[in-house]
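In what follows, residues are counted from 1 in the order of the sequence shown.
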Amino acid sequence: MVQLGLIGLGKMGFNMRERLRAAGHEVVGYDRNPDVSDTTSLEDLVSKLDGPRIVWIMVPAGEPTRQTVTELSNLLADGDMVIDGGNSKYTDDKLNADLLAAKNIGYVDCGVSGGVWGKDNGYGLMVGGAAADVEKAMPIFDALRPEGPREEGFSHAGDVGAGHYAKMIHNGIEYGMMQAFAEGFELLEAAKVVKDVPAVIKGWQRGTVVRSWLLDLLVRALDEDPELDDLEGYVEDSGEGRWTLEEAINNAVPAPVISAALFARFASRQEHSAAMRAVAALRNQFGGHAVKKVGG
């Protein structure tokens with residue numbers, strides 16, 4: 001049994017706490033929402049942990065994570081360790097690790113995949129950090145990852161920053177896969193020859209080369225809303241797709257699928273696209289192609 005402090009009990013953190021407790025570990029959680037929190041503050045959380053302490057952070061990337069790490073650096077002691085399990089940019093990890101190392105506090109970055117289903121299915125984990133720190137936290141990783149061989153749901157990707165880098169690329173790939181399924185769905189919907197689109201997509205779940213968990217989730221969505229009419233086609237991005245493309249540019253690696261998927265998300269937010277108005281105007285100018293006038 002391992003004792004763990006867990007900061008951030010949102011959709012992911014709350015379920016992670018429950019999975020860890022089900023595995024027999026002691027989890028002391030803190031969240032700004034008192035209805036789910038086990039403690040009243042970070043100070044209270046740290047006081048309830050026995051040394052050497054392990055504290056896992058599951059808060060939004062960027063300033064919230066940096067502030068949390070800074071506060072913990074003043075509360076934890078020599079030999080303690082912090083794990084950042086959020087979606088931080090990998091370049092933030094060295095800054096966090098250096099801040100904590102000045103007080104001999106260890107740091108591990110952990111990319112976590114699994115979403116709201118992780119509580120029951122387990123989480124895919126990609127970690128970065130010193131081997132000794134990773135080994136110290138291995139009982140926690142083993143409880144969170146899916147059942148089966150460790151190497152199929154957990155990877156020690158490298159030194160500090162490698163875990164979040166691996167998760168960033170994972171999410172970039174996810175962008176492309178989701179976009180491909182989405183475009184296929186739209187083509188099936190547009191084709192007059194296909195009469196039952198949900199049946200076609202459901203029929204891909206076994207035996208086909210595109211079968212996957214993402215496909216299963218699309219089938220689930222279509223079961224609830226066969227034409228997805230209840231949804232608006234507005235899609236945000238978490239930032240990791242952008243970071244993936246930055247890395248592709250920095251390393252001169254072609255990434256046309258991921259870039260197209262990211263730009264498609266940008267396009268989804270444009271109710272009236274200036275670019276597409278320009279395309280319509282040009283087609284009308286050089287070819288006399290019909291245009292639709294606003295209000296017409």
* Pair Arg220-Asp216, salt bridge (Lys or Arg N to Asp or Glu O under 4.0 Å): steps then yes or no -> CA-CA 6 Å; Arg220 178 185 172 91; Asp216 293 343; over 6 Å; no
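- Of the residues Thr65, Asp31, Leu6, Ile7, the one that meets the side-chain contact (heavy atoms from CB on, under 4.5 Å) test with Met58 is Leu6.
- For the pair Thr39 (side chain) and Gly29 (backbone), a donor-acceptor distance under 3.5 Å is present.
- Side-chain atoms of Arg211 never come within 3.5 Å of backbone atoms of Trp204 as a donor-acceptor pair (strictly under, hydrogens ignored).
- Residues forming a salt bridge (Lys or Arg N to Asp or Glu O under 4.0 Å) with Glu26 (at least two apart in sequence, or on another chain): none.
- Residues satisfying the salt bridge (Lys or Arg N to Asp or Glu O under 4.0 Å) test with Lys89, not counting sequence neighbours, are Glu246.
- Between the side chain of His156 and the backbone N or O of Gly158 there is at least one donor-acceptor pair closer than 3.5 Å.
- Distance alone, capped at 3.5 Å, is enough to place a donor-acceptor pair between the Arg19 side chain and the Leu144 backbone.
- Screening Lys202, Gln205, Met177 against Leu215 for a side-chain contact (heavy atoms from CB on, under 4.5 Å) leaves a single residue, Gln205.
- Tyr175 has its side chain out of reach of Thr244: every pair of non-hydrogen atoms, C-beta onward, lies at least 4.5 Å apart.
- A salt bridge does not link Asp93 with Lys167: every distance from a Lys NZ or Arg NE/NH1/NH2 to an Asp or Glu carboxylate oxygen is 4.0 Å or more.
- When the shell of 6.0 Å around CD of Glu147 is examined, it contains 12 or fewer heavy atoms from other residues, nucleotides or ligands.
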* Assess whether salt bridge (Lys or Arg N to Asp or Glu O under 4.0 Å) is satisfied between Asp80 and Lys103, documenting all intermediate values. => CA-CA 9 Å; Asp80 291 346; Lys103 299 187 177 181; over 6 Å; no
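- Atom CZ of Arg32 sits in a sparse spot, with 12 or fewer heavy atoms from other residues, nucleotides or ligands closer than 6.0 Å.
- Counting only distance, with no hydrogens or angles, the side chain of Ser268 and the backbone of Val235 share a donor-acceptor pair below 3.5 Å.
- Taking CG from Asn171 and CE from Met178, the interatomic distance works out to 8.0 Å, rounded to the nearest 0.5 Å.
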